[in-house]
> 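If you scroll down you'll find the structure; I have some questions about it.
In what follows, residues are counted from 1 in the order of the sequence shown. These values consider heavy atoms only, across backbone and side chains, with no hydrogens, waters or symmetry-generated copies.
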Amino acid sequence: MNRREFLAYGALGGGASVVLGAAEAQTATRTYELFIDPADVELIDGTIVYMLLFFGGPPGTRDPRPVLRAVEGETVVLRIVNNAPEAHRFQIPGVSGAATTNIAPGQRREIRFTAPVGGAYIYLDPLQAPLYRLVGLHGAFVVTPRNGLTLNGAPTPYSQAAHTPALRAVFDAMGSVPRFAGGKWDPLDIQRDKVWVFSQTDPALNTRVALRQSVDLTTLAANFKPRYFTINGRSGFDLDEDPTVRISGYVGQPTMIRTINTGLATHSPHIHGNHVFELSGNTGSGAVAIRSNIYERDTWMLAPLDRKDLLLPLEIPPDIPREVWPPVQEPWPLRYVMHCHTEMSQTAGGGNYPQGAVCHWELLGPQRPGA
């Protein structure tokens with residue numbers, strides 16, 4: 001291919017997921033193709049920025065930065081082609097065997113590895129870290145557990161052997177106590193399992209890479225000046241209707257939010273309307289770490305390369321008195337904002353507000369039709 005792709009993030013699926021069906025989950029091998037390509041990307045204010053991106057997915061597809069999914073224990077085959085003008089690598093930190101050596105321009109590599117325990121992981125280019133990760137070469141790898149049921153039969157997104165008593169208590173409570181009367185988390189409903197990949201862009205750094213100028217890695221972090229803050233490659237108004245980001249459901253439809261920070265700025269996402277339960281994080285080696293104490297979070301911190309899984313319960317918002325529930329004056333859906341308490345991330349291009357990492361979630365009604 002060796003071509004420069006032009007992408008307007010307002011018109012592409014910047015975090016497109018590969019959906020697993022029940023029959024697919026029984027297959028022993030899962031194959032993906034990834035292409036490393038240069039791209040001229042139009043950001044929220046019309047600025048065109050050079051990026052390097054992973055394109056691909058199942059053979060024959062070319063989604064930008066696809067969310068790769070597998071089932072624990074499956075053999076994952078990755079075929080990676082480098083169409084960029086310099087060498088690159090691929091790695092999933094914390095996953096044994098999920099790494100390549102240098103891939104020269106025009107060359108391809110194939111790697112095979114076993115899908116690890118259930119959870120969310122980052123894939124990236126570790127070469128000249130963090131340079132190529134910052135200019136776009138990153139994405140999410142989500143593993144479904146082979147057996148994620150609690151001892152009481154409640155589905156969870158994590159392998160049973162890794163469960164903590166606190167995790168079992170949260171998922172057993174769904175659909176079993178008045179506070180969470182709607183139902184269990186549904187692992188087969190892809191709309192109840194969101195992936196939010198936070199990233200930041202410093203156009204000056206991207207321009208240096210485009211011109212193939214040298215970058216001093218020892219001073220990169222100190223000189224990094226992000227002007228664009230995105231989730232799944234989009235920001236501001238473009239996030240509002242992004243199906244990969246937007247959470248939309250009825251009261252009692254608990255939804256997973258797998259949050260990942262691939263940049264250098266620390267984020268502090270804050271969700272209005274409900275508290276979230278922090279279910280897991282990551283160890284220094286990149287492995288999934290289930291929380292032994294699960295707290296309700298008003299805000300959570302995402303440092304660079306952090307991964308944290310949250311559960312949004314979609315319960316009755318606590319600021320609405322129960323004696324006036326369901327509300328009759330406010331029209332459905334009820335919408336609540338998600339924004340970042342790292343205030344600079346709410347802007348684009350050095351001050352264009354609210355065109356940064358800000359979106360909303362919504363309640364469609366007091367209960368699912370027919371419930």
Side-chain angles (χ1 to χ4, degrees), residues 5 7 9 12-20 30-39 41 49 51-59 61-70 76-84 88-95 97-100 103 109 111 113 115-116 119-127 129-144 190 193-201 206 228-235 239 242-245 256-264 267 282 286 288 302 304-309 357:
E5 304 209 17
L7 300 174
Y9 267 123
L12 62 83
S17 294
V18 178
V19 181
L20 298 178
R30 191 168 304 277
T31 301
Y32 293 108
E33 293 178 340
L34 290 176
F35 302 87
I36 298 172
D37 274 302
V41 177
V49 175
M51 288 188 180
L52 292 165
L53 298 177
F54 288 108
F55 292 85
T61 61
R62 282 186 59 85
D63 294 322
R65 290 193 285 222
V67 176
L68 307 180
R69 294 182 181 264
V76 180
V77 178
L78 285 180
R79 299 168 183 158
I80 305 162
V81 179
N82 181 14
N83 294 318
H88 291 284
R89 293 183 185 177
F90 175 92
Q91 182 185 18
I92 305 177
V95 178
T100 70
I103 309 173
R109 290 281 190 279
I111 58 174
F113 60 91
Y121 302 81
I122 302 173
Y123 66 80
L124 49 79
D125 177 2
L127 200 58
L131 177 61
Y132 292 131
R133 183 184 91 232
L134 294 177
V135 296
L137 288 176
H138 60 256
F141 175 55
V142 177
V143 180
T144 301
I190 198 68
D193 191 346
K194 298 294 185 180
V195 179
W196 292 359
V197 179
F198 289 77
S199 60
Q200 308 102 40
T201 298
N206 292 49
Y228 297 91
F229 303 85
T230 60
I231 303 176
N232 295 356
R234 298 182 181 183
S235 62
L239 276 176
D242 187 340
T244 71
V245 173
M256 284 285 297
I257 313 173
R258 305 180 190 266
T259 59
I260 294 170
N261 183 6
T262 62
L264 286 185
H267 285 279
N282 54 278
V288 174
L302 275 179
L305 291 181
D306 260 359
R307 314 185 319 264
K308 289 183 179 176
D309 287 356

> Could you tell me whether a side-chain N or O of Arg109 sits under 3.5 Å from a main-chain N or O of Ala99, the two making a donor and an acceptor?
no
> Would you say the side-chain atoms of Asp125 pair up with the backbone N or O of Arg89, donor to acceptor, closer than 3.5 Å?
yes
> Calculate, to the nearest 0.5 Å, the distance between atoms CD1 and CZ belonging to Ile122 and Arg133 respectively.
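One finds 7.5 Å between CD1 of Ile122 and CZ of Arg133.
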> One pair to check against side chain to side chain contact (heavy atoms under 4.5 Å, CB included): Arg69 and Arg30. What are the steps and the verdict?
CA-CA 9 Å; Arg69 294 182 181 264; Arg30 191 168 304 277; 5.8 Å; no
> Could you work out, with salt bridge (charged side-chain N to carboxylate O under 4.0 Å, His left out) as the rule, every residue matching Asp309, not counting sequence neighbours?
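For Asp309 the salt bridge (charged side-chain N to carboxylate O under 4.0 Å, His left out) partners, ignoring immediate neighbours, are Arg258.
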> What are the two closest non-hydrogen atoms of Val142 and Val67, and how far apart are they?
CG2-CG1, 3.9 Å
> Going from NE2 on His138 to OH on Tyr132, what distance comes out if it is rounded to the nearest 0.5 angstrom?
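Output value for this atom pair is 16.0 Å.
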> Would you sort out whether Val135 and Met51 count as a side chain to side chain contact (heavy atoms under 4.5 Å, CB included), showing the intermediate values?
CA-CA 5 Å; Val135 296; Met51 288 188 180; 5.7 Å; no
> Write down the atom of Thr230, the atom of Ser235, and the distance for their closest heavy-atom approach.
CG2-CB, 4.2 Å
> Please round to the nearest 0.5 Å and tell me the distance separating atom CG of Leu34 and atom OH of Tyr123.
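Between atom CG of Leu34 and atom OH of Tyr123 there are 5.5 Å.
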> Which is it for Val288 and Val143 under the side chain to side chain contact (heavy atoms under 4.5 Å, CB included) test, yes or no, and what are the steps along the way?
CA-CA 11 Å; Val288 174; Val143 180; over 6 Å; no
> What distance separates Ile260 CD1 from Leu124 CG, expressed to the nearest 0.5 Å?
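These two atoms lie 10.0 Å from each other.
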> Does a donor on one side chain sit under 3.5 Å from an acceptor on the other, for Thr262 and Ser199?
no
> Of all the heavy-atom pairs spanning Tyr121 and Pro93, show the shortest one and how long it is.
CD2-O, 4.3 Å
> How long is the gap from CD1 on Ile36 to CD1 on Ile80, to the nearest 0.5 Å?
6.5 Å
> Supply the atom-to-atom distance Ile231 CD1 to Asp242 CG, rounded to the nearest 0.5 angstrom.
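One finds 9.0 Å between CD1 of Ile231 and CG of Asp242.
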> Determine whether the aromatic ring centres of residues Phe229 and Phe198 are separated by less than 6.0 angstrom.
no
> Check whether any side-chain N or O of Lys308 sits under 3.5 Å from a backbone N or O of Ile257 as a donor-acceptor pair, and report yes or no.
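Checking the backbone N and O of Ile257 against the side chain of Lys308, no donor-acceptor pair under 3.5 Å is found.
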> We want to know whether Asn261 and Asp306 form a side-chain donor-acceptor pair, criterion being a heavy-atom distance below 3.5 angstrom.
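Side-chain D/A pair, Asn261 to Asp306: absent.
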> Side chains of Asp63 and Thr61: any donor to acceptor distance under 3.5 Å?
no
> Restricting to non-hydrogen atoms, name the atom on Pro38 and the atom on Asn83 that form the minimum distance, rounded to 0.1 Å.
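Closest approach of Pro38 to Asn83, heavy atoms only: CD-O, 3.8 Å.
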